[in-house]
Trainee: 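This structure is in structure tokens; I'll ask about it shortly.
Whatever order the structure lists them in is the order used to number ligands and atoms, beginning at 1. Note that the coordinates shown come from a computational prediction; the quantities given were computed from them, not determined experimentally.
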Amino acid sequence: MVNQVEVKDFTAAFSGRTILDHISFSIPQSQFTVIVGENGAGKTTLIKAIIQTVLGAKRPVGEKAKAIRVASKYLAYVPQFRDLGSDYPLTIHAFVALGLNRGLRPWLNKKERAAIDLALDQVDLADLADQRLAAASGGQKQRAYIAQALVQNPDLLILDEPTAALDAGHSLALVKKVRALQEQRQIGVLWISHDTSWIKDYADRYLWLHDGQAESGLAQDLPDQAIHHHQEVTNV
Ligand SMILES: Nc1ncnc2c1ncn2[C@@H]1O[C@H](COP(=O)(O)OP(=O)(O)OP(=O)(O)O)[C@@H](O)[C@H]1O
């Protein structure tokens, strides 16, 4: 099987401080992979480097990047934070449509409508499509962000802590939702998470960043140290 992501000997350092130190790992096609590691371990730095590889963008000087290869025609990214004011005017449907690349053309064609309907359906928002996004709950907003990322049929979906603002019940519901659509669409998912409680049950693989190193493997083999660390943090 061709790997979807291959990282060989990748280093990221900022102001002389090495964050990722010659790391190597690979992720096979169509896997649900969770990236774990304590604050500052380099999770966001790594996904930024992966995104930049796909976009062909220039990297910050701190990153040495020949080392990254990504087999992806279309990558979608759901960032951790969004600043949506309570007066944000768009409906959920219109917000999801923004994910389409249709230039200045104001109308939606049949294919685009179908893509929006499928995405809304897969995140359980079909019934709320005409509601304003600003009036949606935290969990509904997250699902709208994911639907917006899905409309262009990505083969790789990257999510940066999508459950950070959700309670335990809604977090698990979102995990299950994304797991289901990942299986339906047969796409790769890279999910940054501080909560490790669900990984063995719902993910295929883990990638653990610690002390500048990367360890990866099957989700069921997630090392205890990676789990314990996060439980300590949650209990504080
Ligand atoms: N552009 C940059 N310039 C300087 N330092 C940076 C830059 N980007 C990241 N860093 C530093 O690199 C380290 C890793 O940051 P990164 O955001 O990748 O960690 P993380 O694992 O995503 O953390 P968190 O869980 O807190 O989001 C941090 O110490 C951060 O301050």
Side-chain angles (χ1 to χ4, degrees), residues 5-27 31-70 75-83 138 141-142 145-146 149 156-168 170-172 174-175 178 188-199 202-203 205-217 219 222-236:
V5 180
E6 263 181 29
V7 173
K8 279 203 185 100
D9 212 22
F10 173 70
T11 292
F14 299 105
S15 320
R17 200 161 60 91
T18 302
I19 309 297
L20 298 170
D21 193 4
H22 299 278
I23 63 168
S24 298
F25 66 88
S26 55
I27 298 174
Q31 301 285 295
F32 189 128
T33 302
V34 189
I35 305 176
V36 299
E38 59 189 86
N39 292 117
K43 303 181 294 296
T44 304
T45 301
L46 177 65
I47 58 165
K48 277 189 191 158
I50 289 173
I51 292 166
Q52 285 160 345
T53 300
V54 174
L55 297 181
K58 237 180 132 190
R59 274 185 195 79
V61 277
E63 297 173 10
K64 294 208 184 120
K66 282 182 284 203
I68 300 183
R69 284 178 40 198
V70 185
L75 171 152
Y77 171 55
V78 181
Q80 186 170 7
F81 299 112
R82 280 195 213 214
D83 209 1
K141 281 199 183 95
Q142 275 304 333
Y145 302 156
I146 292 169
L156 183 59
L157 175 63
I158 300 184
L159 305 133
D160 194 348
E161 289 194 60
T163 60
L166 305 182
D167 63 33
H170 286 94
S171 294
L172 191 59
L174 190 69
V175 167
V178 174
V189 167
L190 285 180
W191 176 308
I192 293 184
S193 181
H194 278 108
D195 177 5
T196 53
S197 60
W198 52 270
I199 294 177
Y202 294 102
R205 303 183 65 81
Y206 74 89
L207 176 68
W208 179 31
L209 302 181
H210 63 100
D211 305 315
Q213 306 299 309
E215 261 180 62
S216 68
L222 180 69
D224 283 347
Q225 301 96 299
I227 299 170
H228 288 150
H229 170 76
H230 298 296
Q231 282 172 349
E232 278 160 30
V233 170
T234 341
N235 291 340
V236 165

Trainee: Any nitrogen or oxygen of N39, side chain or backbone, less than 3.5 Å from one on ligand 1?
Mentor: yes
Trainee: Which option out of H210, R17, K43 puts a heavy atom nearest to atom 29 (O) of ligand 1?
Mentor: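 Answer by nearest heavy atom: R17.
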Trainee: Which atoms of ligand 1 have any heavy atom of H194 under 4.0 Å away?
Mentor: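 This gives 25 (O) as the contact atoms.
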Trainee: Between D195 (side chain) and S197 (backbone), is there a donor-acceptor pair under 3.5 Å?
Mentor: yes
Trainee: Who gets closest to atom 22 (O) of ligand 1 by heavy atom: L209, L20, T44, I19?
Mentor: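 When every heavy atom of L209, L20, T44, I19 is considered, T44 comes closest to atom 22 (O) of ligand 1.
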Trainee: With a 3.5 Å distance limit and no angle check, can you tell me whether S15 reaches the backbone of R17 through a side-chain donor-acceptor pair?
Mentor: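 No; judged by distance alone, with no hydrogens or angles, the pair does not exist.
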Trainee: Return yes if some donor-acceptor pair links the side-chain N/O of T11 with the main-chain N/O of H22 below 3.5 Å, else return no.
Mentor: yes
Trainee: Can you find an N or O of S15 that's nearer than 3.5 Å to an N or O of ligand 1?
Mentor: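 No, S15 has no N/O under 3.5 Å of an N/O on ligand 1.
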Trainee: Would you say F14 has any N or O atom under 3.5 Å from an N or O of ligand 1, going by distance alone?
Mentor: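 In fact, backbone or side chain, F14 has no N or O that close.
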Trainee: So does G37 get a backbone contact from the side chain of K43, meaning a donor-acceptor N/O pair under 3.5 Å?
Mentor: yes
Trainee: Please answer whether the main-chain N or O of D9 pairs with a side-chain N or O of S24 as donor and acceptor at a distance below 3.5 Å.
Mentor: yes
Trainee: Return yes or no for this condition: an N or O of G40 is under 3.5 Å from an N or O of ligand 1.
Mentor: yes
Trainee: Please classify the T45 to ligand 1 contact at 4.0 Å (heavy-atom distances, strictly less than): side chain, backbone, both or neither.
Mentor: both
Trainee: Just jot down the ligand 1 atoms closer than 4.0 angstrom to any heavy atom of E38, in number order.
Mentor: 21 (O)
Trainee: Do ligand 1 and G37 have nitrogen or oxygen atoms that lie under 3.5 Å from each other?
Mentor: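 No, G37 has no N/O under 3.5 Å of an N/O on ligand 1.
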Trainee: Is Y77 close to L55 at the side-chain level, that is, under 4.5 Å between some pair of heavy atoms?
Mentor: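 In short, these two side chains do not touch, never coming nearer than 4.5 Å.
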Trainee: Would you indicate whether the side-chain heavy atoms of W191 and V175 approach each other to under 4.5 Å?
Mentor: yes
